[in-house]
Number of protein chains: 2
Amino acid sequence: MTGSELVRGDRTDLNGPFVARATFALGLEPARITIVGDEPGELRRALREGLEADLCVVTGGLGPTHDDRTVELLGEVTGRPPTVDPALEAEIGALSRAFAERLGRPYSDFEPGVRKQASLPRGSHSLGLAGTAPGIVLEHRGCVVVVLPGPPRELQRLWPRAVESPLVRTLLARAEPPDLRILRFFGVSESAVATALAAAGGDGEGVEVTICARDFEIHVDLVVEPGAGERATELAGRLGASLEPHLFAHDERPIEELVLELCRAGGLTLATAESCTGGMVASRLTGVAGSSDVFEGAIVAYADAVKRDELGVDEELLRVHGAVSAEVARAMSGGARRALGADVAVAVTGIAGPDGGTPEKPVGLVHLHASGPDGERAVDFNLRGDRETIRRRATVTALHLVRRLLTQNGHTPV
Amino acid sequence: MTGSELVRGDRTDLNGPFVARATFALGLEPARITIVGDEPGELRRALREGLEADLCVVTGGLGPTHDDRTVELLGEVTGRPPTVDPALEAEIGALSRAFAERLGRPYSDFEPGVRKQASLPRGSHSLGLAGTAPGIVLEHRGCVVVVLPGPPRELQRLWPRAVESPLVRTLLARAEPPDLRILRFFGVSESAVATALAAAGGDGEGVEVTICARDFEIHVDLVVEPGAGERATELAGRLGASLEPHLFAHDERPIEELVLELCRAGGLTLATAESCTGGMVASRLTGVAGSSDVFEGAIVAYADAVKRDELGVDEELLRVHGAVSAEVARAMSGGARRALGADVAVAVTGIAGPDGGTPEKPVGLVHLHASGPDGERAVDFNLRGDRETIRRRATVTALHLVRRLLTQNGHTPV
């Protein structure tokens, strides 16, 4: 992964995790992700280190300007000086000509960049273009090197072509995709899951277990070696059973997707009423393609006047219990169902801080309430944390509260 | 940065960018960020490479269990075998005793872990605890090594102590914090900024310029070497002037913060009416601490019935122009001002896809409208991209539309 903006921390690297996940799923064990800037010495060292692996994926530094040096330095460390590929030059040239015309600039301004981007280390193959940079694959002393452009979308477009290239396919033929068992929990601590895992038999004997707290859920993955399938299934079964009320999925789908599916299965529409989360629950739900058949809308009632006028929360209730209370959360939930014409609604009200806390109602106190045609369910929590952490926890809790409401009132067999 | 979940791409590393930003701001040039897993050979290699720098920050792998090997391997590669620090052992022991009691487990279960976490490479200094893992600082052959716990919050809590430690202070005395000039643009392409930069004199002569497209804005940073301050100021001035309508900031504050400040300065309250962004604009605004004095709330009108009933959008308008139209965006904006009692409102309606597009109204078409007491302003765009990209672009555009409305109608002198 190369780029000064990455190594200075100005931008978070998305390509490393993408390639790591993709290669792990194909049966390779990622050894390291290295991020370097445009400084040639550092990039050269990183390339040399990468060439010691079976597969080295290099991203970025393929642009037309002099500070993009990936191909030049890769040619240098592999002893394969780059030469212009005429077919590639014609293809990139056509794109750049059109671009130059649109800008009203002479093509000669672009020509050096085109020749640079059309140059490949000797013996390498082009994977075709995304943007004006080609993907490249080559083999050097037992290491398959894949070079991809830095913009995440361009990289992701070329990635399937890299996987299908003969050199990578030959490498993958030696690999074994991991056999995985997945369990997802909510409402239980990481250490409680670790204890339950130990009680269920623990890992080892061909089953490697990772327990990972992520976005307030506990994600458990069992990586299963050949021959250990039965043990893994038993272990996953025992672990899931011992924490049954908290187990919500055996796959990677995010909670918002599960909630929308539960609603769909029950023929129910959904809405939210949000104060401290400020629309984050609605954002998560509407991030799922096709959510519009279930999700009606939301009222973000940040001001008390909006809670009163749009959600019909009683002035007296606000005065007596305060905006952050179980009573107001309940009224907001009912109000959202009425105002937005939804079957199910979840409401969130809390104090995200850093200001606004009192001894009775400290920063981090959040009340949530979900209601539907067959019942309702409430929960609250009090989390020490910063504003963003409290809001994210409230968002995830709201989604799980709807899941619990719908899985416990008989609408679906989950 | 260590951890199997990081190197497999299951989790995005936050510590690398944090440390890189922090050290860059202190005047050090980050050379590389390396992410490795728990495999000892790889971690050993990464540590050896890191020791060649002036500063090597190692994070993670400090837990009580055997697969956390940072201290052990650091001791090995520096030839400083870890030994138990009695004061640290007492401190961690007290925490673990309390924890064991809460779990109802014998302290002896924890004792080996405590001894492990209280062990420091010979000659190193403890930075104190965050969680049960201490931060550590030591010097080895001209390299200052800082070891910090992996959980981002614990790392960030100990970071200031690392910076204040004598070894790091001595190192920083030789560094010069970078002199920066910052320009932020919206509504102009990266290549147009590059062209304008060249026309303004270009970089070089002590001024290094990075142009970076980020969240649909163009971020330009001038890193200024000693003696080049005047040239940098002139260059920044000329660049800003030539793209003046698009220049919105000279600092790092995010656009939502600028919008809230503009409203505050004008004594105006703010609301949103969102269809395809589903609450994302409201989420961004309410992410800013203290936003409640300006932001009233939002109506996420995903269903047409909500546009009609909550925002008062005319049924006829929806029928004739369709929900995704300039006319409906305008009506939504006016409706939000009325319903939520806000002075200013911005509305977003569009087709985020992947389904729902037509030849006349393709996926990626978004209409936005902002209105306030002194005027209104509309914009639309048509972006090829995935659902998330279209929604993020619409969110950023909505915020900038409010900024333009408020900076062009005389409410503030910006």
Side-chain angles (χ1 to χ4, degrees), chain A residues 4-12 16-21 24 30-37 39 42 46 49 103 191 210 212 214 274 276-283 285-287 289-290 292 295-303 305-306 309-310 339-341 353-355 387-388 391, chain B residues 4-12 14 16-21 24 30-37 39 42 46 49 103 191 210 212 214 274 276 278-283 285-287 289-290 292 295-303 305-306 309-310 339-341 353-355 387-388 391:
Chain A
S4 289
E5 72 280 14
L6 297 177
V7 80
R8 284 180 184 165
D10 282 343
R11 202 192 285 216
T12 300
F18 173 83
V19 171
R21 265 195 312 273
F24 182 69
R32 63 158 67 190
I33 301 170
T34 303
I35 299 168
V36 295
E39 202 276 306
E42 203 59 42
E49 290 155 18
L103 292 185
S191 65
T210 60
C212 183
R214 199 166 158 186
E274 308 185 41
C276 65
T277 48
M280 291 170 76
V281 186
S283 299
L285 289 163
T286 57
S292 60
F295 188 70
E296 297 285 336
I299 290 173
V300 178
Y302 222 54
V306 177
D309 299 343
E310 295 301 305
L340 301 170
D355 302 318
R387 183 176 180 86
E388 207 43 35
R391 279 160 46 94
Chain B
S4 290
E5 71 282 12
L6 296 177
V7 79
R8 284 178 183 165
D10 282 343
R11 203 190 283 216
T12 301
L14 301 174
F18 172 83
V19 172
R21 266 195 312 275
F24 182 68
R32 62 158 68 190
I33 300 170
T34 303
I35 299 166
V36 296
E39 203 276 305
E42 203 59 42
E49 290 155 18
L103 293 185
S191 66
T210 61
C212 183
R214 198 163 159 189
E274 308 185 41
C276 66
M280 291 169 76
V281 186
S283 299
L285 289 163
T286 56
S292 60
F295 188 69
E296 297 284 337
I299 290 174
V300 178
Y302 222 55
V306 176
D309 299 342
E310 295 301 305
L340 301 171
D355 302 319
R387 183 177 180 84
E388 206 44 34
R391 280 159 45 95

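Any value given below was found using the heavy atoms of this structure, including those in side chains, with hydrogens, waters and symmetry copies removed. Naming: A, B, ... by sequence-line order, numbering from 1 per chain.
Counting heavy-atom pairs under 4.5 Å between each of A:G341, A:G287, A:P354, A:C212 and chain B puts A:G287 at the top. Here B:S283 is the residue among B:C276, B:P17, B:S283 with the most heavy-atom pairs under 4.5 Å with chain A. Heavy-atom pairs under 4.5 Å with chain B were tallied for A:A46, A:A303, A:G278; the largest tally goes to A:G278. Heavy-atom pairs under 4.5 Å with chain A peak, among B:G297, B:A31, B:A282, at B:A31. Per-residue counts of heavy-atom pairs under 4.5 Å with chain B were compared for A:S292, A:A305, A:A301; the largest is that of A:S292. Contacts with chain B were tallied for A:E274, A:E388, A:R214; A:R214 has the most, counting heavy-atom pairs under 4.5 Å.
Here the closest non-hydrogen pair linking A:L6 and B:I33 is O-CD1, 3.8 Å. Contact detail for B:R32 and A:T34: the closest heavy-atom pair is NH1-CG2, 3.8 Å.
Contact annotation for A:E39: neither backbone nor side-chain heavy atoms come within less than 4.5 Å of a heavy atom of chain B. Heavy atoms of A:E49 lying under 4.5 Å from chain B belong exclusively to its side chain.
Using a 4.5 Å heavy-atom threshold, the side chains of B:T286 and A:R391 count as touching. Looking at A:V300 and B:F295, their side chains come closer than 4.5 Å, going by heavy atoms from C-beta outward.
There is no side-chain donor-acceptor pair under 3.5 Å between A:R8 and B:T210.
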